Structures are given as C-alpha cells and as structure tokens.
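Working notes, beginning with the structure itself.
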Amino acid sequence: MEEHQQELTALEALDNGKSFTWAMDVDTTFAIDTIRYYAGWLTRSMVKWWRWTRGNVNSLTPVMNQSVSLLMMSWKLGPSLATGSCIVMKPSESTPLPAIHMSKLIHEARFPPRTFNFLTGYGDIVGAAISSHMKIDKIAFTGSTLVGRKIMEVTAKSNLKDITLEVGGKSRNITFNDADVDQVVSWAAHAI
C-alpha cells in the first residue's frame, strides 16, 4: 500500500469525489496505518484469545464487506486477516476502483490462496448470494438502510450469521441557535 499510495489516493479521490490532498492525508494514510496496526496483532496475546473464543485455531470465518472507501475497507480487512479469517470482498458497484486496485496489490503480495477473495457485481445479485451463503459466518456492510434491512432479512433466513451494518446516511448534525456557525461548518466538514 505504501509503495502504491499515490495510485490508491488518486483512485480514492476519483471514486469518492474528495480532494487528492484529503484522500492522501486522511484516507490512504489512515488505511495504511490501520493495516499496520492490525498486522501487529499477530504478536499480541489478544489474537490467541480471539482465536480461542472462535474455537479451532485453524478455523476460518469468511467476511463480506460492501465498502465505499479504502479506509472503510482497511477497517474490515486488517482485523479479519490478522485474526485468521478469510475475506470475500464485494465493493460497491458505484465506487469500486480503490478496492479493485487493492485486490491487485494483495495478489501481488502473494497472500495465501483463498485468504482474500474478490467479487464484483450488483448488490441485488452478488451481494444477495453472499448474504444467503450458508458457509459465510459474518457480513460487514456499509451503505443504505434499505439494503441493510435486506441483508438482515436474508441472513436471518439462512444461517443467522453475525452482521455489522454501517447505514443511515451522511453525518447529520443538530445545531443550536447559540452555536458558532463557522465552527459548526468546519467540524461538520471534518467529520464527514
């Protein structure tokens, strides 16, 4: 990721409509830091505890993530791989470029076979198949509330897999009459 940070930043800026500077200073830099942090788990005792609670040390728990940004992808990718899980990644069809490039970099880094699996396609076809698959134990999804509800319904009807949903829109704020509007705007723009 570090060797290809400029490329990843350009793709992140292009896909998500943010400035190159913001994508570099925040998204790709934090994504790299996130992966480095979780790679460090491999030397921490918490990994042994996590694996113990999951049962067999060699067991794998596939995860699906419909990511909307490289940073969100790294939040799922890092801990999943560091704790011995394999990944089935399906990016959003509207913002796939950073995830596609990361898939290429992961392949070039020679991850073990079947550790990282990458699928593209529409959510109502590919995402639905992943959500209902009986051998997938966890879904992580970022997107609309409507799709989150569909995922909850499908997973409940299949193997009642664990799900993590990041849904509901963008950074709503409540501003009171006595607020400093310039500060509100500044912090709201930063928070998004």
Side-chain angles (χ1 to χ4, degrees), residues 1-39 62-82 85-111 114-131 138-151 163-173 182 184-192:
M1 290 177 74
E2 286 174 339
E3 289 176 21
H4 298 273
Q5 187 172 8
Q6 293 281 329
E7 297 163 29
L8 289 168
T9 299
L11 293 169
E12 186 70 7
L14 178 67
D15 251 14
N16 290 290
K18 35 183 100 167
S19 72
F20 184 88
T21 301
W22 183 269
M24 174 67 86
D25 292 349
V26 177
D27 294 278
T28 58
T29 297
F30 289 171
I32 290 167
D33 290 347
T34 298
I35 296 299
R36 177 172 279 114
Y37 169 80
Y38 285 111
V63 177
M64 186 276 283
N65 169 38
Q66 187 165 358
S67 177
V68 296
S69 78
L70 183 65
L71 184 55
M72 284 188 235
M73 178 180 166
S74 71
W75 292 340
K76 280 86 172 182
L77 184 65
S80 296
L81 294 175
S85 298
C86 67
I87 305 282
V88 177
M89 173 70 64
K90 186 244 168 268
S92 168
E93 53 270 21
S94 62
T95 56
L97 297 180
I100 290 170
H101 195 66
M102 273 297 295
S103 177
K104 177 182 173 253
L105 296 177
I106 288 170
H107 178 73
E108 289 174 4
R110 297 187 180 147
F111 276 45
R114 296 175 300 282
T115 303
F116 179 83
N117 307 279
F118 189 78
L119 300 171
T120 58
Y122 292 108
D124 60 339
I125 299 168
V126 178
I130 292 169
S131 296
K138 171 137 179 80
I139 300 279
F141 171 80
T142 302
S144 73
T145 302
L146 177 65
V147 173
R149 284 186 185 127
K150 289 180 182 178
I151 290 172
I163 56 175
T164 301
L165 302 175
E166 296 176 70
V167 298
K170 290 295 243 176
S171 307
R172 293 178 177 91
N173 293 280
D182 291 336
V184 170
V185 170
S186 175
W187 283 107
H190 179 76
I192 197 166

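Just so you know, these numbers come straight off a predicted model, no measurement behind them. In what follows, every heavy atom counts, from backbone to side chain, and hydrogens, waters and symmetry copies are set aside.
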Any side-chain heavy atom of [X] within less than 4.5 Å of one from [Y]?
X: Trp187; Y: Asn173; result: no
X: Glu108; Y: Glu3; result: no
X: Ile106; Y: Ser103; result: no
X: Pro96; Y: Thr120; result: no
X: Leu77; Y: Phe116; result: yes
X: Ile32; Y: Arg36; result: yes

At what distance, to the nearest 0.5 angstrom, does [atom1] of [X] lie from [atom2] of [Y]?
X: Lys90; Y: Phe118; atom1: NZ; atom2: CZ; value: 9.0 Å
X: Thr34; Y: Trp75; atom1: OG1; atom2: CH2; value: 7.5 Å
X: Ile125; Y: Ile130; atom1: CD1; atom2: CD1; value: 12.0 Å
X: Leu97; Y: Leu8; atom1: CG; atom2: CG; value: 11.0 Å
X: Leu105; Y: Met1; atom1: CG; atom2: CE; value: 8.0 Å
X: Asp27; Y: Leu11; atom1: CG; atom2: CG; value: 12.5 Å

Taking all non-hydrogen atoms of both residues, which atom of [X] and which atom of [Y] are closest, and how far apart?
X: Ser131; Y: Ile151; result: OG-CG1, 3.8 Å
X: Pro79; Y: Ser74; result: CD-O, 3.9 Å
X: Glu93; Y: Gly121; result: OE1-O, 3.4 Å
X: Leu71; Y: Ala31; result: CD1-N, 3.4 Å
X: Ser85; Y: Leu81; result: O-CD2, 3.6 Å
X: Val167; Y: Gly148; result: CG1-CA, 4.3 Å

Under a 4.0 Å threshold between the charged nitrogen and the carboxylate oxygen, would Lys76 count as salt-bridged to Glu166?
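Salt bridge between Glu166 and Lys76, a charged N being under 4.0 Å from a carboxylate O: yes.
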Does the side chain of Thr28 pick up a donor-acceptor pair with the side chain of Gln6 at under 3.5 Å?
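Gln6 and Thr28 do not have a side-chain donor-acceptor pair below 3.5 Å.
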Side chains of Ser19 and Thr21: is there a donor and an acceptor less than 3.5 Å apart?
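Looking only at side-chain atoms, Thr21 and Ser19 do not form any donor-acceptor pair under 3.5 Å.
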Exactly one of Thr9, Asp25, Leu14 should register a side-chain contact (heavy atoms from CB on, under 4.5 Å) with Phe20. Which one does?
Thr9
For the NZ atom on Lys150, are there more than 12 heavy atoms of other groups (residues, nucleotides or ligands in this structure) within a distance under 6.0 Å?
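Atom NZ in Lys150 is not packed in, count stays at 12 or less.
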